[in-house]
There are 2 protein chains.
Amino acid sequence: MTNDESEKNDDFFLQDFLPFLLNQAAERASLEFQGVYKGRYGMLRTEWRVLFHLGLFGEMTAKEIGERARMHKTKISRAVSKLEQRRYLKRTRDEADRRAEWLALTPAGQTVYRDLRKVAASYDAKLSGLFSAQEAALLRHMLQRLAGLD
Amino acid sequence: MTNDESEKNDDFFLQDFLPFLLNQAAERASLEFQGVYKGRYGMLRTEWRVLFHLGLFGEMTAKEIGERARMHKTKISRAVSKLEQRRYLKRTRDEADRRAEWLALTPAGQTVYRDLRKVAASYDAKLSGLFSAQEAALLRHMLQRLAGLD
DNA sequence: GGTTAATAGTTGATTTTGTAACTAACAAGC
DNA sequence: GCTTGTTAGTTACAAAATCAACTATTAACC
């Protein structure tokens with residue numbers, strides 16, 4: 001009977017289970033920043049990510065964004081449509097390969113991007129500020145490893 | 001013109017942006033394990049989480065699960081219904097406060113839980129194995145801090 | 001003790017995501 | 001050059017998440 005009870009928890013602690021912890025931390029880290037792009041520009045997370053990538057890397061195709069951001073192509077397709085509707089990006093058909101199209105931010109899109117990047121940078125600094133510089137650097141390395149980005 | 005170009009990237013690197021990194025890592029950590037509970041038991045993430053909590057902590061109310069797991073009550077309500085349909089849990093109305101009900105795993109539910117917990121534990125060990133014991137411990141602390149669980 | 005507010009949980013409507021099938025364009029093999 | 005296969009991106013339909021409104025019960029206050 002004592003055994004039945006002990007089997008409940010035993011060697012397993014929720015607050016140490018990495019997938020759970022990663023999810024909780026990621027959720028929380030997204031939340032506050034989400035309020036900004038959602039509140040100011042009515043943007044979804046997918047849209048923010050596409051805008052972000054185009055702002056950071058300049059002209060890209062949907063496929064390239066998908067690879068970098070690890071987003072499915074349907075998500076990207078929809079985000080691109082929305083961003084185009086709002087005149088934040090323009091598409092240009094690739095004349096060498098007419099299946100593909102190049103995406104680039106409009107001046108309006110760049111303005112939005114720069115605004116949000118500022119917020120993002122200071123938010124990142126705030127999160128990093130929870131740790132020493134060495135710890136924060138190590139954290140980034142470990143997350144890159146976990147994410148398979150190294 | 002050189003300035004326009006430099007404004008693209010400048011001081012901001014995607015692979016160092018914590019919300020992005022956390023999301024990518026969390027996504028990847030969930031994915032592999034999701035295959036197990038989905039494949040073996042046709043369970044959704046929400047259902048797995050509820051089952052997991054009941055397995056770990058024993059009898060709980062939906063509200064308590066919501067607080068611990070940081071899940072919205074509608075998600076829990078639906079996950080509980082599904083788990084009940086599959087006879088993995090039973091509900092008992094609280095006679096002192098008849099609005100609340102106590103949820104507990106059935107023997108069948110406990111069997112599923114124990115199976116999945118084994119897989120979860122070894123998966124967690126595999127992830128932790130990417131780092132030294134000290135690093136892994138530090139990672140957990142940092143994630144707890146980021147998640148606001150400390 | 002009767003009215004009002006708060007709480008546990010459910011349900012329905014809307015939005016967003018995921019999956020599969022699709023179109024259009026290109027590539028390879030013969 | 002014509003079949004067959006592949007790729008970029010879209011669309012349609014199903015599944016799931018979100019948000020608001022709802023029921024039933026309890027607590028608070030006068």
Side-chain angles (χ1 to χ4, degrees), chain A residues 23-24 26-28 30-32 34-35 37-39 41-51 53-54 59-86 89-104, chain B residues 23-24 26-28 30-32 34-35 37-39 41-51 53-54 59-86 89-104:
Chain A
N23 251 303
Q24 296 287 325
E27 195 76 18
R28 192 159 192 253
S30 299
L31 207 68
E32 191 170 343
Q34 180 176 16
Y37 57 72
K38 201 169 176 182
Y41 303 106
M43 275 169 53
L44 254 32
R45 187 137 95 196
T46 50
E47 293 157 31
W48 152 245
R49 282 202 194 161
V50 167
L51 185 99
H53 275 75
L54 291 174
E59 232 179 14
M60 297 175 87
T61 65
K63 192 198 171 196
E64 288 170 341
I65 297 176
E67 285 161 359
R68 287 245 194 203
R70 298 190 182 174
M71 285 168 65
H72 194 267
K73 58 185 181 173
T74 59
K75 267 192 189 172
I76 294 175
S77 175
R78 283 157 182 153
V80 167
S81 294
K82 268 286 172 61
L83 292 171
E84 191 188 28
Q85 274 174 35
R86 287 179 197 155
L89 69 76
K90 62 178 190 308
R91 319 159 99 123
T92 318
R93 177 111 352 232
D94 181 336
E95 287 304 330
D97 179 351
R98 298 184 43 74
R99 289 170 303 183
E101 50 190 15
W102 293 95
L103 308 170
Chain B
N23 252 303
Q24 296 286 324
E27 195 77 16
R28 192 159 192 253
S30 299
L31 210 67
E32 190 170 345
Q34 181 175 16
Y37 56 72
K38 202 170 175 180
Y41 304 104
M43 277 170 52
L44 254 34
R45 185 137 98 198
T46 50
E47 293 157 30
W48 151 247
R49 282 201 194 164
V50 168
L51 185 99
H53 275 76
L54 291 175
E59 232 180 14
M60 297 175 87
T61 65
K63 192 198 171 196
E64 287 170 342
I65 296 176
E67 284 162 359
R68 287 245 195 203
R70 297 188 183 174
M71 285 168 64
H72 194 267
K73 59 185 181 173
T74 61
K75 269 190 189 173
I76 294 175
S77 175
R78 280 160 182 149
V80 166
S81 294
K82 269 285 171 62
L83 292 171
E84 192 188 27
Q85 274 174 37
R86 288 176 196 158
L89 70 76
K90 61 178 191 310
R91 319 159 98 124
T92 318
R93 176 111 353 232
D94 181 335
E95 287 304 331
D97 180 349
R98 299 182 42 75
R99 290 168 303 183
E101 49 191 13
W102 293 94
L103 307 170

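Source: prediction; values computed, not measured. Each chain gets a letter, A, B and so on, in the order the sequences are listed, and its residues count up from 1.
- What separates CD1 of A/I65 from P of D/dT7 is a distance of 20 Å, to the nearest Å.
- Rounding to whole angstrom units, NZ of residue A/K82 and P of C/dT15 are separated by 10 Å.
- Here the side chain of A/T61 is nearest to one of C/dG9, C/dA25, D/dG9, namely D/dG9.
- Here the P atom of nucleotide D/dA15 and the CD atom of B/Q34 are 16 Å apart, to the nearest Å.
- Side-chain atoms of A/S30 come within 3.5 Å of backbone atoms of A/A26 as a donor-acceptor pair (strictly under, hydrogens ignored).
- Applying the 4.0 Å criterion to OP1 and OP2 of D/dT10, one finds that A/R91 has a side-chain N or O inside that range.
- Nearest-nucleotide mapping onto DNA chain D: of A/E27 and A/R93, the residue sitting toward the 5' end is A/R93.
- Remark on DNA chain C: of its neighbouring residues B/A100 and A/R45, the 5'-side contact belongs to B/A100, judged by nearest-heavy-atom nucleotide.
- For the pair A/R99 CZ and D/dT10 P, the interatomic distance rounds to 14 Å; values are reported in whole Å.
- Atom P of nucleotide D/dG9 and atom NZ of A/K63 are separated by 8 Å, given to the nearest angstrom.
- Proximity of a side-chain donor or acceptor of A/Q24 to a complementary backbone N or O of B/A69 within less than 3.5 Å is detected.
- At a threshold of 4.0 angstrom between heavy atoms, the contacts of B/A79 with the nucleic acid are absent.
- Atom CG of B/L83 is separated from atom P of C/dG9 by 15 Å (rounded to the nearest Å).
- Counting atom types as modelled, B/R98 pairs no side-chain N or O with a base atom of D/dT25 as donor and acceptor under 3.5 Å.
- Under the 4.0 Å criterion applied to side-chain N and carboxylate O atoms, B/R70 and A/E27 are not assigned as salt-bridge partners.
- Residues B/W48 and B/K38 form no side-chain contact, since every pair of their non-hydrogen atoms from C-beta on lies 4.5 Å or further apart.
- Along DNA chain D, the nucleotide closest to A/E101 and the one closest to A/K38 are compared, and the more 5′ of them pairs with A/E101.
- The interatomic distance linking B/D94 (CG) with C/dT7 (C1') rounds to 13 Å, in whole Å.
- Without hydrogens or angle criteria, A/R93 side chain to A/R99 main chain gives a donor-acceptor distance under 3.5 Å.
- Looking at B/V50 and B/L83, their side chains come closer than 4.5 Å, going by heavy atoms from C-beta outward.
- Here the side chain of B/R86 pairs a donor or acceptor atom with the backbone of B/G42 at under 3.5 angstrom.
- A/E95 has its CD atom 17 Å from the P atom of C/dA24, to the nearest Å.
- Contacts between residues 68-78 of chain A and DNA chain C, defined by a heavy-atom separation below 4.0 Å, involve A/H72, A/T74, A/K75, A/R78, listed by number.
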